[in-house]
Amino acid sequence: MRAGYMRRLAAGIYNYLPLMQRVIDKISTIVREEMNASGAVEILMPVIHPAELWQKSGRWETQGKELMRFKDRHKHDLVLGPTHEEVVTSLVAGELKSYKQLPLNLYQIQTKFRDEIRPRFGLMRGREFIMKDAYSFDTDDEAHKIAYRKMVDAYYKVFDRCGLPTKKVESDTGAMGGKAAHEFMVLIDTDGGECTILSCDTCDYAANIEKAEFREIEPPEQDKELKPIEVVATPNATTIEDVTAFLNLPSHRLAKTLLYIANKKPVAAIIRGDRQINEIKLGNHLGCLEVELADNETVERLTKAPVGFAGPVGLEIPIIVDPEVAVLTNFVTGANKGDAHNLNVNLDRDFKATAVVDIKNAPDGEGCPRCDGRLGASQGIEVGNTFSLGTKYSASLGGKYLDANGKEKPYIMGSYGIGVTRTAQAAIEKYHDEKGVIWPQAIAPYQIILSPLNLSKDLQRETAEKFYSELTEAGYEVLYDDRPERAGVKLNDADLIGIPLRIAIGDKSLANGKVELKLRSEKEFEAVEIAEVGQKIEEFLARAI
RNA sequence: CGGGGUGUGGCGCAGUCCGGUUAGCGCACCUGCUUUGGGAGCAGGAUGUCGGAGGUUCAAAUCCUCUCACCCCGACCA
């Protein structure tokens with residue numbers, strides 16, 4: 001980053017320079033305070049994990065290539081920890097034997113590793129990042145709910161204190177497993193978000209697009225009577241746009257057939273032409289973590305037609321149909337023949353569905369699944385997540401306690417993450433202008449930047465030095481720009497690094513016994529009598545984000 | 001994983017097609033003088049295994065082979 005906060009060392013791996021280190025420290029402190037207040041206890045676990053733990057939980061396989069693996073000199077498989085469910089469970093399994101020792105919540109703040117397929121967006125998706133991870137252990141679901149609630153409350157407080165109001169949304173559990181999950185999203189107006197969320201305009205339903213459901217919708221206006229199937233020539237029309245244009249039909253009267261490879265077997269997914277496939281929903285239905293679009297060769301082998309003309313009629317592989325398609329009549333599909341489509345296709349009469357399940361992204365503007373409201377899409381950055389894990393890890397890693405009746409039971413667990421470096425990045429993304437960053441004061445590296453505009457003038461230098469010692473004495477964090485640079489350089493740099501309050505000391509105001517206070521978030525400065533600066537600082541900072 | 005691209009002082013680039021003096025330029029850096037309220041001017045100076053290995057050649061940043069690293073796009077198209 002240009003402002004001197006960090007430097008890239010390798011793809012997705014960064015050095016944090018002094019300013020960023022202070023920001024990380026501020027965020028960590030807030031996180032620590034709120035975690036401690038919620039009753040969680042800080043520990044520190046190793047970065048390197050033995051592969052056995054990951055093999056026991058099954059994530060050695062399911063985490064796939066994202067897991068950083070290596071071997072030591074004895075050829076033992078080791079892992080650089082991306083998260084610590086396995087380690088914490090095995091730790092607690094050795095310590096906790098009685099229900100009297102529960103509930104328990106352990107957390108740590110530490111560097112994590114994920115070998116992202118494609119690191120990008122700086123700290124958004126790095127291969128190495130700092131995360132706070134907490135793990136709760138409870139006797140039963142009721143107790144777990146209380147622990148979960150506490151974490152959620154603590155998360156709202158953490159992000160509010162950081163100046164980043166968040167929205168809690170439902171999310172997919174992914175490779176983490178377990179029962180339910182939420183993500184904490186910072187909403188971004190511009191297009192800086194890394195994922196799309198849908199939220200209801202009436203109730204508090206909100207979900208990641210990976211997970212979002214919506215109310216069943218009415219089928220579009222269409223024929224009541226089933227017409228016989230008809231093959232039409234559609235030369236070179238391989239995309240939905242081509243076919244709608246060629247046949248002069250709306251795209252929602254078309255059904256697109258996508259061929260996937262799931263667990264090494266082909267499967268067809270059929271959704272309306274105007275919808276987008278949701279591979280996570282499809283994968284969840286099929287019971288696998290990753291589904292992959294079939295390559296062109298496979299498509300041609302299965303459909304006996306070039307890519308672009310796939311259809312369900314005559315396909316001899318499992319066919320998953322989206323409910324929106326199931327209610328269509330006389331729709332259009334590929335004909336499994338080059339340059340041809342089928343008209344008037346109907347489910348059940350012309351082909352059988354292996355399953356009818358929701359496998360599409362929830363479209364913008366559709367009905368909320370919980371109330372009469374409408375869903376709207378917005379961009380967000382995920383800064384925290386919470387998972388109800390059930391007994392997935394405790395059962396596989398021997399995490400058991402004795403209950404009041406002397407019976408052995410696995411703990412009910414939860415896992416809770418806050419991306420510390422990503423929170424910093426989210427703040428930058430949310431609060432910046434063309435000149436640079438505008439930090440919320442709670443996580444700014446310094447509260448005040450002191451900028452004497454010409455250090456070669458004795459009066460300016462002496463005034464600045466006096467301010468620096470007095471303000472520091474008074475408990476403010478002050479960055480003193482004592483570089484012998486020109487005024488323009490210093491003022492631009494001050495804007496760039498985004499310290500909330502700037503005190504400029506220059507001849508113009510100093511001649512009247514004044515210095516200039518300016519908030520980074522505001523346009524105008526105010527010349528203030530030197531004697532009144534202390535009081536004015538309070539007023540200014542109270543106004544800042 | 002597929003496609004494209006780039007590696008040359010600290011940073012950004014030119015030179016490569018068509019091999020041939022001492023490998024240039026801008027910014028940054030150092031010294032001096034002037035300047036000093038929104039990214040200063042002049043003068044002088046330092047800085048390079050041309051990503052790496054091998055090869056062709058009298059001669060390689062330049063041609064050939066291999067390799068490494070990084071960046072961008074795609075992998076939500078049927």
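Letters A, B, ... mirror the listed sequences (proteins, then strands); counts begin at 1.
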Gap in Å between the two P atoms, one belonging to C33(B) and one to C27(B), rounded
22 Å
Any sub-3.5 Å donor-acceptor pair from Lys281(A)'s side-chain atoms to Lys360(A)'s backbone N or O?
yes
Shortest side-chain distance from Asp495(A), nucleotide among A78(B), G37(B), G38(B)
G38(B)
Under the salt bridge (Lys or Arg N to Asp or Glu O under 4.0 Å) rule, what do Asp433(A) and Arg520(A) come out as? Steps first, then yes or no, please.
CA-CA 10 Å; Asp433(A) 60 17; Arg520(A) 178 63 180 84; 2.8 Å; yes
Hey, does the side chain of Lys508(A) come within less than 4.0 Å of G37(B)'s phosphate (OP1/OP2), counting only N and O?
no
Applying ring pair (Phe, Tyr, Trp, His ring centres under 6.0 Å) as the test, list every pair that has at least one member in residues 241-264 of chain A; sequence neighbours left out.
none
Taking N and O atoms by type only, does the side chain of Asn454(A) place a donor or acceptor under 3.5 Å from a partner on the base of G37(B)?
no
CD1/Ile449(A) to CG/Asp493(A) distance, rounded to the nearest 0.5 angstrom?
8.0 Å
Using Watson-Crick or G-U wobble geometry with both distances under 3.5 Å, which nucleotide pairs with G2(B)?
C73(B)
Spell out yes or no: do the side chain of Arg502(A) and the base of G37(B) have one donor N/O and one acceptor N/O closer than 3.5 Å?
no
Is it the case that G37(B) (base atoms only) and Glu516(A) (side chain only) share a donor and an acceptor within less than 3.5 Å, ignoring hydrogens and angles?
yes
The nucleotide from C76(B), G38(B), G39(B) with an atom nearest the side chain of Leu491(A) is G38(B)
Can you say whether a donor on the side chain of Asn492(A) sits under 3.5 Å from an acceptor on the base of G38(B), or the other way round?
yes
Could you measure between the two C1' atoms, the one in U57(B) and the one in C63(B), and give it in whole Å?
10 Å
Who does C42(B) pair with, Watson-Crick or G-U, both distances under 3.5 Å?
G32(B)
By the Watson-Crick or G-U definition, both distances under 3.5 Å, G12(B) is matched with C25(B)
Re C66(B): Watson-Crick or G-U wobble partner, both distances kept under 3.5 Å, found to be G52(B)
If a pair satisfies ring pair (Phe, Tyr, Trp, His ring centres under 6.0 Å) and one of its residues is in residues 300-348 of chain A, list it, with sequence neighbours excluded.
Phe309(A)-His341(A)
By the Watson-Crick or G-U definition, both distances under 3.5 Å, C58(B) is matched with G20(B)
Per atom distances to the Lys256(A) side chain, the nearest of G37(B), A78(B), G39(B) is A78(B)
I want to verify a distance call: between A78(B), G38(B), G37(B), whose nearest atom is closest to the Leu258(A) side chain?
A78(B)
Of Lys457(A) and Arg483(A), whose nearest nucleotide on RNA chain B comes first from the 5' end?
Lys457(A)
Please determine whether a side-chain nitrogen or oxygen atom of Arg486(A) lies at a distance below 4.0 Å from atom OP1 or OP2 of A40(B).
yes
